[in-house]
Amino acid sequence: MHDNRGMRWLMRLFVVLCIAVLPQFAHAQSASAAGGSAQEQAERQATQPGNNAPVWRDVRGGDNASQTTQVRGIETNVLVQSGGETWRRLRNGPITIYGGWLIIIVPLLILGFYLLKGQIKLHGQPSGRKIMRFSAWDRIVHWTTAISFVILAVSGLVLLFGKYVLLPVFGYTLFSWLAVLSKTLHNFVGPLFVVCTVLMLLTFVKDNLPKAYDWLWVRKAGGLFSGEHVPSGRFNAGEKTWFWGGVTLLGIIVSASGLIMLFPNFEQGRLLMQQANATHAIAAVLFMAMSLGHIYLGTIGMEGAYDTMRYDGMVDEQWAKEHHEYWYNEVAARSGRAPGAAPSTAAASAMKEGWKL
Amino acid sequence: MARMKFLCDAERCIECNGCVTACKQEHEIPWGVNRRRVVTLNDGVPGEKSISVACMHCSDAPCMAVCPVDCFYKTSEGVVLHDKDLCIGCGYCFYACPFGAPQFPQDGAFGLRGKMDKCTFCAGGPEPDFSPAEFRKYGRNRLAEGKLPACAEMCSTKALLGGDGDVIADIYRNRVFKRGKGSEVWGWGTAYGKPEKQPAPGAKS
């Protein structure tokens with residue numbers, strides 16, 4: 001199984017790169033200089049026969065070249081690996097407790113916002129003229145990512161919280177089946193999501209580059225509370241935050257940490273996998289919390305947002321003007337007419353037909 | 001009731017791997033799975049020590065705590081066992097265990113590890129005692145036969161002791177008094193240093 005040397009080397013490089021990203025545990029194993037304690041023990045034997053302290057100090061470190069075993073495998077010469085206890089405390093403690101509350105509280109906040117402010121309506125009259133917002137490619141990339149994200153989120157929640165929430169209801173046998181299904185889905189949809197994340201980045205990076213006018217949007221919180229129209233480009237600062245903080249940063253973190261755990265056959269040790277798991281869980285919970293805001297605004301939160309991505313990628317000019325004024329002006333200028341002027345119906349319908357899925 | 005524990009006397013272990021062989025033979029364990037292994041510290045240096053290690057059946061077992069399907073259980077004798085029918089092969093027990101006890105029959109690409117396998121203290125599994133299903137999944141149930149773990153019984157120098165924790169601690173204490181050295185009981189702080197997690201009511205003994 002370890003025949004492919006080039007592949008192994010690449011994976012090691014990848015693992016090393018990931019270590020640079022992953023936060024180190026508070027009490028990472030103290031690295032004892034290889035062979036140092038062996039020499040120390042030999043010296044101790046001369047002065048104090050029967051004092052084995054240097055040997056016992058070695059027990060927790062596995063990187064001692066003179067610590068051996070006949071059993072082949074990764075870290076089989078390690079007697080005690082203490083990172084597991086740290087990982088257990090983290091996972092069963094703050095990650096489960098705070099992560100769980102976050103997953104409960106964020107939807108409640110969104111529900112509160114919805115009940116208080118309601119859907120963001122279109123203020124003007126729809127013009128009836130449509131312009132292209134998302135191409136077929138944009139929509140395919142978006143929905144492949146979105147569907148794989150939802151599958152990963154639900155199956156991940158089952159594995160982290162199911163023991164406390166579903167197991168008491170379903171019983172051991174049924175919950176075990178559900179967990180097997182979740183784990184298998186998670187492991188095979190995961191690589192698809194990694195590919196999707198890369199495609200997402202390439203597809204949407206251009207219009208997500210920060211612009212000076214984004215500051216205004218941030219200062220006014222996008223008019224979410226005041227209800228005023230804050231002009232923005234094709235994507236506003238909120239969407240850009242989701243793109244850079246969510247899709248890009250969290251997407252890369254969950255992808256890298258996930259791959260470390262998905263392929264444990266590249267000689268990575270337990271410490272790295274523990275770190276990967278903790279990082280994966282923290283990033284994924286934040287990712288889910290952020291995605292709820294995106295899903296809300298993309299569906300019931302804003303009139304006209306869902307249909308655009310769901311069906312033909314077209315939006316009404318009035319919608320574009322109200323929500324993404326700079327982008328609308330750009331599109332209008334590109335199509336060679338003054339902002340607000342009616343496009344020729346032939347061109348509009350041709351564009352619409354051409355991009356229909 | 002007795003609280004079962006393992007104790008390896010590093011002053012006596014000669015790294016013969018008899019315990020490893022006894023375990024493989026007793027339970028007909030497949031290739032690549034090692035419920036028990038012997039680790040030598042400072043190999044080839046004066047004062048080298050060897051220790052045989054397997055699942056220590058911890059009082060507050062980390063594997064039990066992190067299992068997402070709660071497939072572990074503790075017998076009334078303190079032996080930590082698991083139900084392979086429930087195990088989903090996620091590998092979390094392997095991340096959590098300080099001793100490297102959990103083993104998997106597959107290499108794990110795409111997270112496909114197969115069902116976890118580990119030392120049972122020769123106490124079988126949740127299936128009826130001596131049933132073919134129990135033997136196939138977990139190996140022989142020597143405790144139900146009134147015997148102690150095969151590895152400890154087979155140990156040529158009686159370095160590896162397995163049985164009632166109080167009894168083996170007494171044996172070890174006498175040895176330390178007589179020889180005047182080697183009082184370090186390896187792994188006990190890690191395995192038994194925390195308050196005992198009580199077995200579930202009605203747990204199989």
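Order of the sequence lines sets the chain letters (A, B, ...), proteins ahead of strands, with each chain counted from 1.
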Undergrad: Any salt bridge between B/Glu28 and B/Arg136, counting N to O under 4.0 Å?
TA: no
Undergrad: Between B/Asn17 and chain A, with a heavy-atom cut-off of 4.5 Å, which part of the residue counts as in contact: side chain, backbone, both or neither?
TA: side chain
Undergrad: With a 4.5 Å cut-off on heavy-atom pairs, point out which of B/Val39, B/Ile51, B/Val53 contacts chain A the most.
TA: B/Val39
Undergrad: List the atom of B/Leu81, the atom of B/Gly124, and the distance in Å for their closest heavy-atom pair.
TA: CD2-O, 3.5 Å
Undergrad: Could you check which of B/Val69, B/Thr40, B/Val45 has the highest count of heavy-atom pairs closer than 4.5 Å to chain A?
TA: B/Thr40
Undergrad: Considering residues, nucleotides and ligands other than B/Gln25, do more than 12 of their heavy atoms fall under 6.0 Å from its CD?
TA: no
Undergrad: Looking at B/Gly182, B/Ala10, B/Cys67, which has the largest count of heavy-atom pairs under 4.5 Å with chain A?
TA: B/Cys67
Undergrad: Quick one, B/Ser156 and B/Ile14 - any side-chain contact, counting heavy atoms below 4.5 Å?
TA: yes
Undergrad: If I compare all heavy atoms of B/Ala150 with all of B/Arg142, which pair ends up nearest, and what's the gap?
TA: N-NE, 3.4 Å
Undergrad: Identify the residues of residues 83-94 of chain B whose heavy atoms come closer than 4.5 Å to a heavy atom of chain A, ordered by number, or report 'none'.
TA: B/Asp85, B/Leu86, B/Ile88, B/Gly89, B/Cys90, B/Tyr92, B/Phe94
Undergrad: Crowded around A/Tyr98 OH? As in, over 12 foreign heavy atoms under 6.0 Å?
TA: no
Undergrad: Taking A/Leu262, A/Thr173, A/Leu178, A/Thr69 one by one, which has the highest count of heavy-atom pairs under 4.5 Å against chain B?
TA: A/Leu262
Undergrad: Within residues 148-166 of chain A, which positions have a heavy-atom distance to chain B below 4.5 Å?
TA: A/Leu159, A/Lys163
Undergrad: When you measure from the side chain of B/Lys118 to the backbone of B/Val80, do you find a donor-acceptor pair of N or O atoms at a distance under 3.5 Å?
TA: yes
Undergrad: Between B/Asp60 and A/Arg88, does any NZ, NE, NH1 or NH2 come within less than 4.0 Å of an OD or OE carboxylate oxygen?
TA: yes
Undergrad: Against chain B, label A/Arg89 side chain, backbone, both or neither, depending on which of its atoms sit under 4.5 Å from a heavy atom there.
TA: side chain
Undergrad: Would you find a donor on one side and an acceptor on the other, under 3.5 Å apart, between the side chain of B/Ser59 and the backbone of B/Ala191?
TA: yes
Undergrad: Can you tell me which of A/Leu167, A/Thr76, A/Thr184, A/Thr96 forms the most heavy-atom pairs within a distance under 4.5 Å of chain B?
TA: A/Thr76
Undergrad: Is it the side chain or the backbone of B/Val38 that comes within 4.5 Å of chain A heavy atoms, both, or neither?
TA: backbone
Undergrad: Between B/Asp164 and B/Arg3, is the closest basic N to carboxylate O distance under 4.0 Å?
TA: no
Undergrad: Once you measure the plane-to-plane angle for B/Phe6 and B/His57, does it fall in the parallel (<30°), tilted (30-60°) or perpendicular (>60°) bin?
TA: tilted
Undergrad: Is the number of heavy atoms from other residues, nucleotides or ligands under 6.0 Å of B/Lys181 NZ greater than 12?
TA: no
Undergrad: Given a strict heavy-atom distance threshold of 4.5 Å, which part of A/Asn187 is in contact with chain B: side chain, backbone, both, or neither?
TA: both
Undergrad: Sort B/Glu48 into side chain, backbone, both or neither according to what part of it lies under 4.5 angstrom from a heavy atom of chain A.
TA: neither
Undergrad: Distance under 6.0 Å and angle within 45° of the ring axis: does B/Arg179 meet both against B/Tyr172?
TA: yes
Undergrad: Can you tell which of A/Glu75, A/Gln274, A/Arg270 makes a side-chain hydrogen bond (donor to acceptor under 3.5 Å, both in side chains) with A/Gln81?
TA: A/Gln274
